[in-house]
Every structure is written in C-alpha cells, then in structure tokens.
Amino acid sequence: MDPSEVEFLAEKELVKIIPNFSLDKIFLIGGDLGPFNPGLSVDVPLWLALNLKQRQKCRILPPDWMDVEKLEEMRALERKEDAFTPVPSLYYMEITKLLLNHASDNIPKADEIRTLVKDIWDTRIAKLRLSADSFINQQEAHAQLDNLTLMEINTTREFLLDSLNFMFKLRSNLQPGSSKGQLTDY
Amino acid sequence: MPCERKPMRYGHSEGHTEVCFDDTGKYIVTCGNDGDVRIWEGLDDDDPRFITVGEKAYSLALKNGKLVTASSNNTVQIHTFPDGDPDGILTRFTTHATHVTFNSNGSKVAAGSSDFMVKVVEVLDSSQQKTLRGHEAPVLSVSFDPKDEFLASSSCDGSVVVWNIKEQTQVVSWPLLQKTNDVSNAKSLCRLAFQPAVGKVLAVPVETKVHLYGRGSWDHVGTLSDDLLAQPVNVLSWSPCGRLLAAGSVGGLLTVWDVSTKLCLERQKHEKGFTICSLAWNPSGSQIAYTDTEGCLGLLDGISSSSTGKAPVSKPATDYDALFDDDDDRLMDEGLSDTSSPGKKPVVARDDGDDDDDFLVPSTGRVRKRGAFLDDENSLDTGSLKLGQDRFGDDDGAGSTMAPEAAPSVPLRPVYEGPMPTPPQKAFQPGSTPAHLTHRFMMWNSVGIVRGYNDEQDNAIDVEFHDTAVHHAMHLTNSLGHTMADLSQEAVLLACPGTEELASKLQCLHFSSWDTNKEWLVDLPNGEDVKALCLGQGWAAVATSALTLRLFSIGGLQRELFSLPGPVVCMSGHGEQLLIVYHRATGFDGEQALGVQLLQLSHKKRQLISGEPLPLSRRSYLSWLGFTAEGTPCYVDSDGVVRMLNRSLGNTWTPVCNTRETCKSKSDHYWVVGVHENPQQLRCIPCKGSRYPPTLPRPAVAILPFKLPLCQTTTEKGQMEEQFWRSILFHNHHSFLSSSGYEVDEESRSQSQKEQQELLMKMFALSCKLDREFRCVELADLMTQNAVTLAIRYASRSRRLALAQRLSQIALEKSNQVQEDEAEEQEEEQDYSSVRQTSGFGQTGPTAARFRQTEAEEELGEDEEEEGGETEEATEPRKRSNPFAKEPGSPVRPSPTPVSKAGRANPFKVAGSGKTTSSSGQPRVTNILDNMTSSRKSATLSGPAGRQNKPPVLKPLAPRAKSKNQSTLFQMTGTKTTHQKTQENPEPAADQQKQADVPPPTSPAENAENKRPKTGFQLWLEENRKSILADNPDLDESDVIKEAMGQFRTLTADERLSWTERAKGQTGEVAEMKKRKRTEGGVENEGTEDDENNAKKKNLDAASKLSAFAFSKD
C-alpha cells in the first residue's frame, strides 16, 4: 500500500469548516453535505475542506485534538507507556500533514503542533521498531500490537514482511532438511 | 457542624501560596510561586484575571483597592485592585519580605523580612517608615493590633515579640518557638493574629496548640487545642467578627474554634493532607478560603449558618470593613462596569448606600456605638461577645443573616433601608465586546464581523463578511477613534464619541452604492454624542446623548428625527423595522427599568410598540438586542434568557431559550450573535469563563436549540406541548411578513401548519389514551376543521362516542365560523364588487378571491382536484340524464356573473389560460345553475361547496367529502362505474379518498370493494392477492379469484372461521359507513329537490353527516 493511498483514505475524515458562501445541501454518493451558511460551521470531508480552502471559500477549524496542550499530554503519555497509547484520530498523521500544509493559517500554533505530532509519530515508530526487533530476536510466532494506525502499519509492513521472508529463507537454507519443523516453531 | 468543603482547584504552581478576600468578599485573591496574583470570581471561576507582580510572590494583603505584595525582588509593592496597575514600591529590604499585612483601617502596612527586620509603612506616604529591629533571624509573620498601638511578630529565632509601634520598642518577648535559620526550614509559619475589632487577645500558634495572650497585660489567658491536631499549627486567622479562630496545620487539618467557649466547632481535613499555608475568612464570615503548599486553592462554605448567633455579630463587622472602603468600591466597580456587569453592581451599591449614611457618624464613633450595641446595657467587656450571642442567638435561628442585621441597626442610626436605585446600564451595541479592550469585536452579526484594534502599533478596524459574495474584507485605519459600528448588506456604519475639540462623528461606508462616492461623514451638533446606532434596509439610525433619534438615508440624506423618552440602551434595525430600548426610569434593587419602541419605517410609517416596559429576568440587564433573520424582535438578558416578540399575543415577549442551562460551568456564557426562526437556530459563541469572546483565537459559532420553559417537559405530553407552542411561536413571522407585504415561503408555512396539526393529533391520541376526554375537546378546539374530522374518526374508532359527539359539534362550529369569516370577507368584497352581483352569489366571491391568493403549489393541487371534478362531471350527467348536462361541462359558458367577477380579478385571465378559467370559472357556473335549476345539483356542487369549507391553507376537506358522495352515489348506481371512475381519478384525489375512507392503504380498485360488506374470503383475498399475483403473474382478475378460492378452501376450518369473524367485525363498520352514506345521499337527494339549496345548506349537511357518523356507532 502506498502512503498516498492511505492519505486518500484519510481524506474521507470529517472536519469542520466555516464557509464564506452559502449553498444548499449537496447530494453526493458519499452522503449529503451542507447546507452551507456563511459563518456557520459545517462538517465536510477533508478533501472538500482542502479544496474549498484552496479556493479561499472557507476557513478550516482544526479538530479538537489538534491543540498544543492536548498533544503535549499525549506525547508525555506516549513516552511514558511502553505499549502504544490510543491516538486521537486513526489518521492523525495524515490529517495533521494535510491541514498544516494547506491551511496552516487557520491553525493556531501550527509549528508547535507540527513538532508535537512529529514527536508522537517518532516515538511510536521507535516503539514499533523496537517491538519488531524483539519479535524477531525472540523468534515469536505472533505478536499483538494495539492502537496502531494504518499509516504506521504501512510504514513497517513491507520491510518487516520482506525481512521475515528473507530470514526464513536463510534459516531454511541453514537447516535444509527440517524446514517444516522450523515453521511450527516460528 | 455541617460545613461544605469544596473540592480543591489548581491555583498556582507548587510552593508557598497565599490567599485573601477582597473587601466585599466577592473575589478571592491568591498569590504564589509563579509570581502572579490571581483574582477569582468565586471558586468556579475558570478564567481568573491575573496581575504579574514579580518572579515569585511571597505574601499579599489587600485592602481599600490596594494590593500589597512581597515579591522576590526584595520589595513590597502596591498594585491597584482590581485593575492591577502598579502603584509604586512601598519599601525595600535587603532580602525578600516574608509576610505583609495591613492594619485595621488600611492606612499602614507592616512587613517582616528575611533580613531580620520589621517595617511599618504608611500606605499614602512611603517615606513615613518605622523600622523594628531586634529579631535575630528571619521574621516569620507580623500582625497589627486593631488599635494600631502594638505590633506582634514571630521570628525564626524562636521568639514572638510584641512591639510598641510608636516607640519602636519591644514590649514583651516570649521564647515560644523552635530556633531555625530560615523561613523555609521553620516547622511552622507561625502566622500569629490579633483578634480583630475588639482586639482582646493575641493568638499565637505554638506547636500543635494556639496560645491566647491578653492584650495589654500580655498574660497567657488560654490555650486552644484539639486532639486531632497532631502536627504544628501553621497559620491562624480570625473570623471578621473576632469570635471564631481558624487554624491550618502542617498536616492539612483545618480547625475552627469558638474562642469564648474554647470549643472546636469545625474540623476539616485537607483532601490530600498537604500543608495549609494560608487562610482567609470571607468578610461575610461564611467562607474560609485556604491554600496549600502545592499551590491549590480550597474553600470551606457555610460556616456561619451553623454557628448559632454568629451572624448578627459578624454582620456589623462587615459593615465596619465596608465603612472604610466604600469609595474605593465604587471606583472599582465603575471600572468593572465597562465589562458590562451592572447586574453585579447593585449588591455593592447597596452597601454603598448604607455607608453613605454612616458617614454622618465619624468612623471612631461608629466603632464605639457598635461596641455599645454588643455590650448591651451593663455587661462587662469580657462578656460582651457572649451577651451579644445570647441576645440574638436565641430568637433567630441558623442561617438568617439579613433579618437580625436590620433589627439592631435601626434604632442606632437613621438609615434608609428601602430599595436602592440601580445604576442604569450603559448604552451598548448589541454584538460588540466592551470598548476598553484593545482588541475587540465592534460588531458581530449575521452579515459579518467588525473588529477594532487599538494598540500601540495600530488603530484600525477590520470588516469581514461571512459571505464573501457581499463584499470583500476591508481594513480601515481608525483615525477618528470610532467605538461603535454596525454592518448590513449595504453599508458599514461607524461612529465615534465627541472630544473637547471634535464633534461626535458618524461615518458610513456605503459599499453597495453604484456611484464612485462610497463614503459619507456627518458631524453631530456640538455636545451631542452618538450613543447607539443601527442600520436597516436603506436607512441608518443614530441615538444621541441629547435623547434624540436621527434617521439618515443610506446615501447620507437626513431624514426624520424624534425625541426618545429616555437615555438609549441599544438599538437594532431589520428591513424597515427599528427597535429601540431605552431607560424608562430608574430601576431599584438591581433591576433595570427599560422601555422598548418598535417602529415601522416603511411607506406607512407607524409605531408598533410604543414605549412598553421590556421584561428582564430578576436583577439582570440587557445583553443583546436584535431581530431574528425573519424579522421578529428578540433580545437576551444577562441571565442568558432569550425572549422573542409574540405578535399574535398582543406583542408580548415569550422566553424561548435559556442559554445558561447549557453552560457547563457557572462562569461560562454564551455570546449571542444571531437568531433564526426557520430553521430554529440560536447562533452564539460559547465563552469559557467569560461573558464575551476574545478576538483571538477566532471563536467558532455554536448553535443552540430553542426550548420554551413549559412545565414537565420530561413527560411526553409536556414535550409535545412545548413543540406545538414553539412551532406556533416560530411561525408567527409568516403572518407578519405577509401582512407587511413580503413574499412568504408558502412551502414552509404549510409545512409548519402540518407539523402543528400532527402534534395536535398526537396529543389528542395521547389524551384519548389517558381517558382525558375533556382535554381532547380542548385540543380539538385548536385544530383545523380538517384535523377535527380525523379526530372524530379516531374517537369513534376508539369507541368514545360522547367525545365524538362533542367533536362533531366543534366541527359544526368550525364550519360555521369559516362561513362567518367568509361572510365577513364577502361584505368587504362587496364594497369593491360590481353592482350586478347579487348576494346569492356571495359564496363564490371569497372563494374565488381566495383562489387568486393561493400560491403556486396550492394551485397545483387545486388544479388536480379540478381535473377530478371535471372527470366526475363528465360521467355524472350521463348517469343522471340531466337536461342541463352540457352546460356545466363547458367552461367558457357565457354568463354575466362570472365575466364580471373574473373581470375584477384579471380581465385577461378568462380568455388567456384555460386552466385558470376552469378552476375559477367552474364553481361559479355551477352556483349560478343552482339558483336557476333544480335537479342537477348534488354531485356538481359538492366540489365548490366542499371548497368553501376549506380552511385557507390546509389541503381542503372538499375532495374527501366529494369522493365519499361519489362513491355513495356510484354504489347505488352500480359498481362497474365506480371502478372505472376511481381509476380515472388522478392519483392525489384517489389518495385522499383512501385516506378518508380506508386508513390502511389499499389500491383504488380494492377501495371500491371495501364499501361492500365483506366475506371472510374477500378479506383473505385482499391479504393474499399480491402473493397470488406474484405466483401467477399472467392471470386476469377472474382467474385470480378462482385461484384464490381454491387456495382459500385448502385452509383449515379454524383459519377460515377466524377470517369470517374478522370479516364480521369489519362488516359492522362498513355497514355503518354505508348507512351514513345513505343518509347523506338522502339529504343530498332532498337537496336536489330543494330550489334554495345552496352551499350554506351544504355545509350544514356536511356537519350533520359527521354527527350521523358519530351516532351510527351504536
């Protein structure tokens, strides 16, 4: 899966915007949107919000969790806990990136938020690497990781699967006769 | 003793924290390790104001609007309270001060410092200093003797010293404490305290006990202790009355003793057991605020209510405190009032009032007198407190603080005890934030936002439109210093108050102008200031300080001007309406006396509301005024209650929402920016911990629903009632708009009518279920005739015959009323109508007129009905072999009356569109024929007659009645034609018929069959026809029946029996229906023979038909 595909999925998430035009309900395959009243917030999918924003037709309201204090708390918790902590949104990274790239003027303290989300992301990815490492080291057959987001899984999937395959190949070459028994141990 | 310990809340970062109350007891003031002084408006205040005094604040004291703090830069500073402006440095030490305190009248400040010194400084003249040297270690605390003679201090060297201030000498010194080298190492802060007011004793915390020393003699007169006190007492604080002593210990225990009895009255444990490092009594004596070393703030509430007899004693003490600071109070409150808090003022104002009178008595005299009152006749000093208690403690029980206050004070001094006038609320622009803010909203309304910036770099105004299609955003430099603004789709209106040199100016940016001059400026006459302004459609209004209202056209022409009955509070404009709220009179006891004027500035200028009082919640003030988007006046008071004008109830004001109900915290508010009636939306900005929003971060608009404060809205009945009346109220604007000549959204109007009738039916059904038949009748009174017929049906279905009978009476009355209305209309109509028209035709007049009024959608329905009527007529004459059969069928039949009438309405319409001719012409034609002919009446007339019954907007009753007639007639003539007929009928008519006759939806074909008594088989067939058809799609009707019969026979005997029984049940009903129809038919047949039969008669028939229906039940 390509990161851009994950991003595409994330664009379905709803965000609040304040339009500066008025328009009746619009009927789309994905559901009805609107009505749009100037000055009144309305929920739209991220793709539409960004499109409207680029055309200067709306102001985007950042999601609740996109707040320096909340993110700081989250970062602290993420650093404290060994396991993955629940994330504010399943697409937190994608939403942050999209919003900050396209609508940073509507988000207070955009730079701090960028740093914080990046910190959380780094912490989580480090944990992920660590767990992948111990998974391989201990030659476990399965492992459970909660609260991972699609993007995070996506970053490690290819590498992890490839390396596991490769290691499997190496191991089976080492003990050519007992590859089947090895598998069950694995 | 019941006393409530409120949960602790975060106050400052951890470290030593101090707390005190302001003189009124309204604010809690804290300082802490973060160097901030925070001013809390009660414990729930989520957004306290703060004053930064230094890097760290060690101690604070507050009196007379002066805030004295000891901060880390080794100074003792003064700030004004509550503004927080620095007011100079009182004194300096070589290291930081540890404790500061005021004397009883606030003229002196004592400060103890870590450099072993104690200084006593005059507040007004900081050069008047007295230094008390003698401690050999950092000073822990200081306390003034209430008579200003002595000063007590404790120090880390273990000594507690009493000083003579004037002579700067030690009077007495006790080695009571453990020696340490620094305050931070001391076991206890040893906050000693002189008893306030009487000043008999000095309390000193010593280890786990509190020693009491007699003033003057300096003998140890007593010890207060408590078994639970295991750790050293840290701080002490006397109640304002001087009778109770509170202590906070290192272990977090709060203890309150009654000093006279030495009994422990109250024990509270700190919720986490942290060290309590400061205590303060509320001046009212009912609360104790405390802080701990973790920076948290807590509150004990309800202390006075539990200690008998304390109230009367403590109350004078409060007065006594207030005596010295009333001027400051007033000043302080003036400052606050900018932030629009007149609602709070009255409380203070009342104190002020009391004290103004007190000023006749010199302050010292006052104290003495108070002593006298306490001492009673002959009691000794020591017994004074006790006697005071005894005297008042017995007769007034716990809790009543006000009553006893009045009792003793009346004989003592001449005091005006009546209600006190409320300071009138200042003029404001609805939708603006206070003018003293540097960044503020000058206007936020449904069109856009006007923001004002007034800081060092910039003095500017930003105008932004919600809908960028109106105009692009504007940035103006505010060189004139505008403070007021309004914004509409056409213009921005700005105004500034006058200065000494410059007159007050009004500036208008008329951006929608089509010429190149888009701006105009007007100077007001000298000495006249703009107080409020608003924009309407094509006009601007300005209310001035000269109580004048000036109207301008939007292009800058001066228009009418008139005088206002009182100083304006605010104004609002919408379309051609102008709403003005002004001060009608002086309010008392916190109430505002406001009046309201509503003017219509259209061509027919008139005053709709002329200076009636504006109802507000108790002790509140106006906080928003405006119109709904649909043009109904609306306002919000400071209690968050939204009221809307109810034009249908004699211009009364109905509360439609209480925004405070949705607030989470006491200090949260909703700042209203707009009201919409359709959809019902209250647009407002949630403000956490304040009354109005900051400009940054940009606030988001939230939507609140409306809710009428009806009783028992948790019950189903209450909910429906609320919905019904809300719907009525929120659709009032339709009638207003149409009466003032605007186009009305007919769709939403009929929608709302439908919704209301539905709600009524639901309520009707509910009341039926609850056996509330009387209530049912009351509900039916509210229904339209159409709904009443449904109600009758419901009632007879549920076997409530008495009810059905009454309802049929109501239906009769309603139909009569409709006729009367029509008659009235007809009279009016006749004034205009041609001479040729005879009264006999009157009935059609209003009907036709109404047809012309109805909107497109309605007409569409009519047309369809009309088509139905036509087909009906096409078949009808054939059957009845009427000699005049041809004539009604031809819509262009030349008849004098229709031509004259149609000519009145629109001379071209008759010739022009066939549709309108048929719809408006046909009823007339038949009516003429009614008068001329005798035989062919019933069926053809039924259309127009029914239509006359029709209520103005709802779908007419007519088609239903008509189709019933039809079917009756057809049943008599033969079912074959019926089949044909009903299928011919266009769908809507058929639908209605179905609805009327057979509630479960069936196809038109089945519909006809329903008329006949049914056999069990037929019932079964109805149910199973579909499946049979589905199985054998190619069968024709007769084959289906054959097939069905075969299937029915295969059923078990029991099943067949049950079907037959069901059929019997229905047959009864159907038979009744038939019976009713027969009577109807009979009446109609009579009607045909009757020459003078006209629509009026017909209406009565309809009613009797209904009653017949009701009776036939049994």
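Side-chain atoms are counted along with the backbone in the values below, which use heavy atoms only and exclude waters and symmetry mates. Treat the numbers as computed from the prediction; the structure is a model and nothing was measured. Chain letters run A, B, ... following the sequence lines, proteins first, then strands; residues in each count from 1.
Remark: A:F27 CZ is packed, more than 12 non-hydrogen atoms of other residues, nucleotides or ligands lying under 6.0 Å away. Environment of NZ in B:K518: crowded, with over 12 heavy atoms of neighbouring residues, nucleotides or ligands closer than 6.0 Å. The local environment of CZ in B:F50 is sparse, with at most 12 non-hydrogen atoms from other residues, nucleotides or ligands closer than 6.0 Å. Environment of CZ in A:R129: sparse, with no more than 12 heavy atoms of neighbouring residues, nucleotides or ligands closer than 6.0 Å. Other residues, nucleotides and ligands contribute more than 12 heavy atoms inside 6.0 Å of the CG atom of B:D455.
How far CG of A:N37 is from CD1 of B:I703: 7.5 Å, rounded to the nearest 0.5 Å. We find the CG-NE2 distance between A:N20 and B:H466 to be 10.5 Å, quoted to the nearest 0.5 Å. A:Q56 contributes atom CD, which lies 9.0 Å from atom OG1 of B:T468 (distance to the nearest 0.5 angstrom).
Among all heavy-atom pairs drawn from B:V701 and A:S41, the shortest one is O-OG, 4.0 Å. Scanning both residues, A:S22 and B:D467, for their nearest heavy atoms gives N-OD2, 4.1 Å. Smallest separation of non-hydrogen atoms from A:L61 and B:A700: CD1-CB, 4.0 Å.
When B:R698, B:E464, B:Q681 are compared by the number of non-hydrogen pairs under 4.5 Å with chain A, B:R698 comes out ahead.
There is no contact between A:N106 and chain B, counting heavy-atom distances below 4.5 Å.
Considering only residues two or more places apart in sequence or on other chains, A:E152 meets the salt bridge (Lys or Arg N to Asp or Glu O under 4.0 Å) condition with A:R124.
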